[in-house]
Each structure stands twice: as C-alpha cells, then as structure tokens.
Chemist: 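One structure, as structure tokens, below. Some questions next.
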Amino acid sequence: MRKILYLFIYIALAMMLYSCNNIEKKSYDNTIFVSIAPLKPIVEAIVGDDFSVEVLVPAGASPETFEPTPKQFIALNESVMVLSTGLLDFEKSILQRVHDQSKVINLSQGIATIAGSCSHTHHGKHCHHGVDPHIWCSPKCIDIMAKNTYNAIVAMVPDKNYTTAYSTLNEQIKELDSVVTKLCNNSSLPYFIIYHPALTYLARDYNLEQVAIEHEGKEPSAKHLATIIERARRDGMKRVFYQSEFPESSVAIVAEDIGAETVEINPLDENIFENIVTIATLITE
C-alpha cells in the first residue's frame, strides 16, 4: 500500500514539474522598450503593429525611485531595442547594464539641453541631475526625439519602409507645436508657478517663465517662498501647479497664501500629445 502511495506522489510531482517546464514563456525578441510612458506613442506611431512597445517604468511609479525586477532585466536583454531620454538617473544606472549597448538609443541627441539642479529626495532616496531631463514636455524637443527614433528604427530594420508613418507623426508634431505656440503667444500671464521645475524646456521653447517653488533641487527656504508669494500676490496669479508624484500638501500652503488654487498635472502621462495641450492650456489661461 505504501509503495502505491509513493508511486502516486512520484507521478503527481513529475506531472507538476512537466507542467511548470512547459508553461509558455513570453518572448521579447520582437519588443521595443521605452524608459518612460511619454515615449511610447512616438515609437508606436512609427512602427505600427510591427513591434510590441513596452514601458519600463510602470504607470504611477516615479522614474526617480524606479528599480527594475529581475524579469524586466531579462526582458531588456531579450528586446530588440531600448529607447531612453538618456538624461534620467535611472536610465544611466540601469541601461548601462544591458548586455548589447548598441541597441540602447539615447533620444536626446541633438537637443540643446538645459543645465539644472534637479537634485531632490524621494522616499529616502537622493537623486541628482546635472542636466534638466524633462525634454519630452516640449513639442520642439519631441520633434528631435521622433527623428532620432525613426533613424534608429530604420537602421535596425533597413528593409522596412517607415517613411509614411514618420511623415504622419511629423505632421502631428507640427500641429502640436502650432497649438502650443498660439496658446503661449495669446497668454497674458507673465509666468506660471510650479512645485518641481518639470516644464523648463516648454518654457524655454515657447518664451514662458517658469517659477519653481522647489529651489535648486531642495525644499524652498522661507525667504524663497516669501519672494514667490509676494510676487504672485502682486501679479494676481490664480494657480499653483504640482506633479502627480508629489503630494498636494507641497503647494497647498503657498497657494492659500497667494489666494490661488492648486492644480495637479502629470508630465509622465502616456498620451503625450493631448497631455501637452492640456498642460499648455492650464498654464497660459
């Protein structure tokens, strides 16, 4: 009887092992990874259904504190290409560990970057950028990133013709640029106030002034806050912006002292084209 029981246990274990070994594993040999969500629609607009496009940093997570799982590292190494801004700290630390560095593409090439101290602490982790990384927030920068993406894809798949798709994307970017230009040119607001300076490239490219509460990447001093509040009261500013990865409390007191409302924006939203129009509308009206 005991021998029969052992036999049944052995067969059950063998079946379990066979089943586990035959579970279909997802293949990433036709996948293009992008580091952050706003890059995804740029790539998809060019490649269509030819490749699967996946985002490394999941929705709701902060690039400043992101740590990939072992499965994601495997997926990155199996993928055909990895596209990044080339400016975020996590990109530099993580993507340099991809085995084949030739498939890691820096989309900031050709963009006149802005020096800036975005050093700050998130959940106990200290991060620092010598260059402002938020290039995806300006249509003029997106235009350059789209061209870099197209060139990288054509180099990878020379026998495919993506010219028409890229031309369509280029027209979409031109229209976005036109809309943002009109919004900014027609605005009577002297500047906009934001907690973390994520719209630096948007401000530069469209002749806006960004006033950041966060000062040199750190919590603002009392003197810095007083200067902002006094100026905002004098100019009748009605809105104070903050990013979704920061708590509303980071700007609530300042907004109350000014007599303004707090407005949440999400520069990391995947729908980059609609999102930029929404942000530009909010900061200019």
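FYI, side chains are in, hydrogens and waters are out, and symmetry mates aren't considered; it's all heavy atoms of this structure.
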Chemist: Got a donor-acceptor contact below 3.5 angstrom from the Q72 side chain to the L56 backbone?
Modeler: yes
Chemist: Taking P267's backbone N and O only, do any of them form a donor-acceptor pair with W136's side chain (distance below 3.5 Å, no angle check)?
Modeler: yes
Chemist: Is there a side-chain contact (heavy atoms from CB on, under 4.5 Å) between V263 and L282 once you walk through the steps?
Modeler: CA-CA 9 Å; V263 179; L282 287 169; 4.1 Å; yes
Chemist: Under the side chain to side chain donor-acceptor pair (under 3.5 Å) rule, what do N77 and D100 come out as? Steps first, then yes or no, please.
Modeler: CA-CA 7 Å; N77 282 303; D100 182 2; over 6 Å; no
Chemist: Go through it in stages, so that I can follow the logic: the residues are E54 and K40, the test is salt bridge (Lys or Arg N to Asp or Glu O under 4.0 Å), and I'd like the CA-CA distance, side-chain angles, deciding distance and then a yes or no.
Modeler: CA-CA 7 Å; E54 297 204 14; K40 185 179 181 182; over 6 Å; no
Chemist: Checking Q210 side chain against L199 main chain: does a donor-acceptor pair fall under 3.5 Å?
Modeler: yes
Chemist: Do Y191 and D235 get their side chains close enough for a donor-acceptor pair, meaning under 3.5 Å?
Modeler: yes
Chemist: Say whether T85 and E91, considering side chains only, have a donor N or O and an acceptor N or O under 3.5 Å apart.
Modeler: yes
Chemist: Any salt bridge linking R231 with E209? Criterion: basic side-chain nitrogen under 4.0 Å from a carboxylate oxygen.
Modeler: yes
Chemist: What do the steps show when you test D50 against Y162 for side chain to side chain donor-acceptor pair (under 3.5 Å), and what is the final call?
Modeler: CA-CA 10 Å; D50 290 349; Y162 292 107; 2.7 Å; yes
Chemist: Checking side-chain polar atoms at under 3.5 Å, does Y166 have a donor or acceptor matched by the opposite partner on N161?
Modeler: no
Chemist: Run the side chain to side chain donor-acceptor pair (under 3.5 Å) test on Y150 and T163 for me, step by step, so that the C-alpha distance in whole Å, both residues' side-chain angles and the decisive distance to 0.1 Å come before the verdict.
Modeler: CA-CA 9 Å; Y150 170 71; T163 304; 3.3 Å; yes
Chemist: Look at the aromatic rings of H196 and F246 and report parallel, tilted or perpendicular, splitting at 30° and 60°.
Modeler: tilted
